[in-house]
Amino acid sequence: MASPRLGFNEAVALTVIFLSVKVMISHLALMFPLGLSATWMIPLMHLPVGLIGFAVLAWLLNQFPGRTIIEIGEELVGPALNIFFALVIYVFFTGGSALVLRQSAEFMLTDFFPDTPISVVAATYMVGAALIVYLGLETLGRVARIAFPFLIIGLALLILLTANLWQPHGIYPLWGPGILELSWVALSTLGVGVEIFFLALAAPYLPQGRLLPIGLISVLAAGLVVAAVILASLLVFPYPVVQEWTLPVFAITRAIEWGGFFVRMETLFLPLWVFSALLAHATALYLSVATAARALKLPYHRPFILPTVVLILAAAFVPPNFPAAMDWGFAFLVRWSFIFLGVIVAVLVAAALLRKRQQGKGGKTGRRPGRRTNHT
Amino acid sequence: MSWARTLARLLVFREPEEPRYAFTAGRKDRPRERGPGADAVEDKKNKLREGQRVDNLLEQDRLLSTGLDENERLLRQVFRHPENKDLVLRPFSLSTDPPRRALLVFLDGPTDKTVQNLAILQPLMLLAGLRLDRDLDGEGPVPGAGDETAREALLNRIQETLLPGNEVTTAASFKDVASEVLAGNTVLLVDGLDRALSVETKGWATRGVGTPRAEAVIRGPQEAFTEQVRINVTLVRKILRRSSLVTDFVKVGQMSSYQCAVLYLDDIANPDLVAEVRRRLESIKADYVNESGILEQFIEDAPRGLAPQVLATERPDRVAAALVEGRVAILLDGNPWALIIPATFFSLMHAAEDAYVRWPFGSFARLIRYVGLGLALLLPGSYVALVTYHQEFIPTDLLLAFTGAREQVPFPTVVEVLLMEVAFELIREAGIRIPGTVGTTLGIVGALILGQAAVAANIVSPILIVIVALTALGSFTIPNYPFSLSVRTLRFAYIALGSFLGLFGIMVGLFVHLALLARLTSFGVPFFAPVAPVTRGAPDHLWRGPVWEQECRPDYVDPLRRRRQPRVSRGWVRARKKDDEEPGGR
């Protein structure tokens with residue numbers, strides 16, 4: 001079977017959507033109380049860390065061309081520790097996907113289908129995601145590429161249609177809780193960008209030598225998109241009001257007024273939520289199953305799709321209610337994820353540096369990084 | 001009396017009579033025994049054996065012998081003569097000294113009798129003595145059987161001096177002879193020669209070059225392909241006068257072989273693409289491939305895909321434009337449709353006229369078509385979803401109009417929509433099947449009367465008539481017929497999704513639909529190229545860019561020459577130089 005190929009544009013589209021989908025769920029609702037009127041600056045403050053962090057990750061991946069982070073881990077830290085790392089990655093993305101799924105389903109239920117069982121909505125989401133993962137990474141990338149302009153135009157339209165509601169005083173005081181407090185908030189929510197880890201598993205399928213630009217462009221674009229949406233929310237609703245909404249972006253779509261005829265514009269923006277959520281679920285599912293397949297050295301990821309979907313669906317209903325799902329999701333995906341995945345990357349980078357230094361001392365006798373092992 | 005017999009049969013039980021079958025094929029319910037039926041079985045076996053013997057004769061490519069009688073006997077077997085009345089075996093003598101026996105073999109009907117009389121029989125029967133004797137005088141005696149060189153000389157003389165037909169070929173085996181006769185040619189067998197001469201005498205009835213029926217345009221050529229592959233190739237050559245235009249013939253089908261012309265520009269088309277097209281055509285093992293729609297299903301990448309992966313067109317100008325882009329075209333004999341390879345989603349949404357009008361209007365036409373596609377696919381499903389689940393999203397004034405219109409309708413919205421959609425499909429299908437103008441009239445009258453009557457009877461609401469009409473108009477804007485069929489069918493899936501899960505269901509369905517389409521390839525080219533994956537090329541996919549910007553061929557076809565025209569194709573817009581005395585500078 002020919003290995004999939006993910007083009008530059010497809011990779012950027014998919015990564016940007018995966019990184020910025022959090023503006024469509026309830027993460028923002030929990031960010032506003034922390035950043036207050038300066039919440040829009042938090043994604044911009046994340047940007048330097050994100051760019052540097054990805055540059056480090058890209059350096060590591062470029063040392064071992066043609067391999068994913070799982071195979072690199074096996075070579076650098078050995079199979080025992082690496083299987084633990086793979087398990088952490090699998091649990092993180094499966095659990096994260098479950099919590100996002102619960103929020104997406106709850107949102108759909110609250111605002112569109114009050115009489116439909118939540119399990120039906122959640123299962124429908126996962127059927128769409130599972131099917132596209134079954135079709136492969138290439139298809140996932142192409143769908144993301146097709147959807148990307150529509151999503152960006154939709155988001156831009158959403159922001160621009162609220163222009164008549166903007167109240168510039170909504171972003172004052174400019175530094176919100178104060179610059180130190182704001183910096184600490186930014187530092188403690190660095191996990192919002194861990195979805196960039198997707199590129200660590202898609203690296204072998206990307207155009208040669210384009211990993212770094214793909215990652216940097218994606219981080220930059222996603223940061224700007226998230227900042228723009230938060231800024232628009234703050235301009236429409238002052239921060240004491242905006243933190244009351246569980247879905248601030250949905251609230252601003254409902255606030256749009258465009259003549260007496262168009263009174264409920266949220267339907268027009270429904271594809272934004274459904275498509276971005278489906279793409280994010282599919283990418284997270286792909287990450288989980290690809291991690292499992294790579295860790296177990298299987299050439300195909302398809303056998304893991306159904307078990308992982310069942311796990312995600314089961315885990316999605318662990319939180320007792322929507323607020324709990326929001327809190328757990330924020331803690332798991334925004335606060336702690338950076339520590340889990342950051343430690344893994346840090347250990348691997350340290351091991352790679354150590355090996356490089358040893359090879360430098362030992363001349364050409366050592367094994368060169370980048371050479372493929374048999375199982376890859 | 002029959003009623004009395006029926007009554008008796010009903011009242012009095014009798015063992016049913018043994019049914020008597022005239023045709024006993026497949027009846028394996030009784031053991032075979034000697035009796036009246038045994039002869040029939042034996043006859044059948046003999047017939048089968050005979051058929052296999054003839055098949056072997058053709059498959060083993062058995063060569064002709066020098067004996068005319070033996071050749072005639074075997075040809076009679078091959079063509080099932082005398083049962084087959086179409087075969088004509090015309091014995092005659094060449095007017096040589098001494099006269100030599102000869103035989104013409106042809107099918108009555110597909111051959112041109114005038115050509116046969118004037119270009120074969122007349123010279124051979126009247127002039128052979130003059131020409132052959134004179135020509136062979138200087139080379140010794142008239143050749144006899146057994147002398148290979150002499151046989152060769154006689155064959156060459158007949159071919160070169162006596163047969164004035166424009167296309168005379170030799171056939172060495174029975175298979176070749178059969179193939180030539182079936183193609184409408186006349187085969188000449190001469191006693192003592194182990195090779196036959198085939199003279200081109202095709203004369204079957206053909207339709208003239210007509211106007212396009214499915215791809216009509218207002219501006220642009222009004223010619224369409226016809227059923228003759230040679231005429232079709234000529235139509236393309238008439239437009240594309242380039243020596244590198246190659247026409248390669250491949251035979252398709254085993255029971256009845258059809259000539260399949262593969263057209264490409266040798267200096268532009270990717271050789272791998274050409275080789276792949278040939279490979280797929282040559283690999284087809286099928287009895288009967290008489291239509292390009294059947295051929296398409298044999299060669300497309302994913303026959304179960306949701307969209308066609310080959311572009312069918314009846315326009316020679318469209319084929320020529322595709323060839324210039326580096327694509328490959330297939331023309332099947334007896335078929336007025338050409339297949340263009342590879343096809344993408346965007347090419348299926350293009351019409352020939354897009355390029356013939358000024359670019360803003362070509363782009364606008366395309367935009368309308370994409371809107372039409374969206375309406376045809378999603379409008380009925382979205383209507384069901386909105387009315388069933390999301391009433392609050394309909395503006396109040398419109399909602400009141402909807403509710404008022406639907407007040408008297410007893411059915412749920414989905415039933416109402418399905419009723420009208422099915423009714424419309426019935427009218428459409430009936431309109432095609434009913435011949436001539438009656439079909440068109442039925443379409444209009446049926447739609448008007450049925451719609452009006454359904455509204456008057458409170459079966460459907462007037463709003464729904466608008467929805468169905470818009471959907472129908474949308475589906476008619478799709479320029480590719482197979483693709484519009486796909487959209488027409490999938491519309492019902494979206495209605496089902498809308499009725500089960502509202503707009504959310506439609507969105508998920510659209511996502512899955514997109515994914516399945518994104519997975520498709522046409523001869524390896526992704527269906528959504530050049531958008532997903534992104535490839536380079538001219539601005540001619542989503543919208544039609546100006547002609548002077550069509551500088552490059554599409555990258556996804558991987559042509560041998562990428563650039564179509566220089567960066568500045570309108571030479572006259574160059575800045576006028578100081579010493580440029582000619583007018584025309586800016």
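Each chain gets a letter, A, B and so on, in the order its sequence line appears, and its residues count up from 1. Remember, predicted model here, so these are calculated numbers, not experimental data.
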(request) Heavy-atom pairs under 4.5 Å with chain B are the metric here; pick the option from A:Leu270, A:Leu6, A:Val143, A:Leu135 that has the most. (result) A:Leu135

Is there any N or O donor on one of chain A and chain B with an acceptor on the other under 3.5 Å, and could you list each such pair with its distance?
| unit_1 | atom_1 | unit_2 | atom_2 | d |
| --- | --- | --- | --- | --- |
| A:Leu135 | O | B:Arg519 | NH1 | 2.9 |
| A:Arg142 | NH1 | B:Ala518 | O | 3.0 |

(request) Please state whether the side chain, the backbone, both or neither of A:Val121 comes within less than 4.5 Å of a heavy atom of chain B. (result) both

(message) Is A:Leu279 close to chain B through its backbone or its side chain, or both, or neither, when contacts mean heavy atoms under 4.5 Å?
(response) both

(request) May I ask you to name which of B:Leu501, B:Ile506, B:Leu517 has the most heavy-atom pairs under 4.5 Å with chain A? (result) B:Leu501

(message) Does atom CZ (B:Phe500) have a neighbourhood of more than 12 heavy atoms from anything else shown, all under 6.0 Å?
(response) no

(request) Please flag which part of A:Leu131 lies under 4.5 Å from any non-hydrogen atom of chain B: side chain, backbone, both or neither. (result) side chain

(message) So for A:Phe112, is it side chain, backbone, both, or neither that comes closer than 4.5 Å to the heavy atoms of chain B?
(response) both

(request) Flag the pair B:Phe504 / A:Val274 as yes when at least one side-chain heavy-atom distance between them is below 4.5 Å, and no otherwise. (result) yes

(message) I'd like to verify something: which residue of A:Leu268, A:Val127, A:Ile146 has the highest number of heavy-atom pairs under 4.5 Å with chain B?
(response) A:Ile146

(request) Can you see which heavy atom on A:Ile132 is nearest to which on B:Phe511, and at what distance? (result) CD1-CZ, 3.7 Å

(request) For chain B, find which of A:Pro114, A:Gly128, A:Ala277 contributes the most heavy-atom pairs closer than 4.5 angstrom. (result) A:Gly128

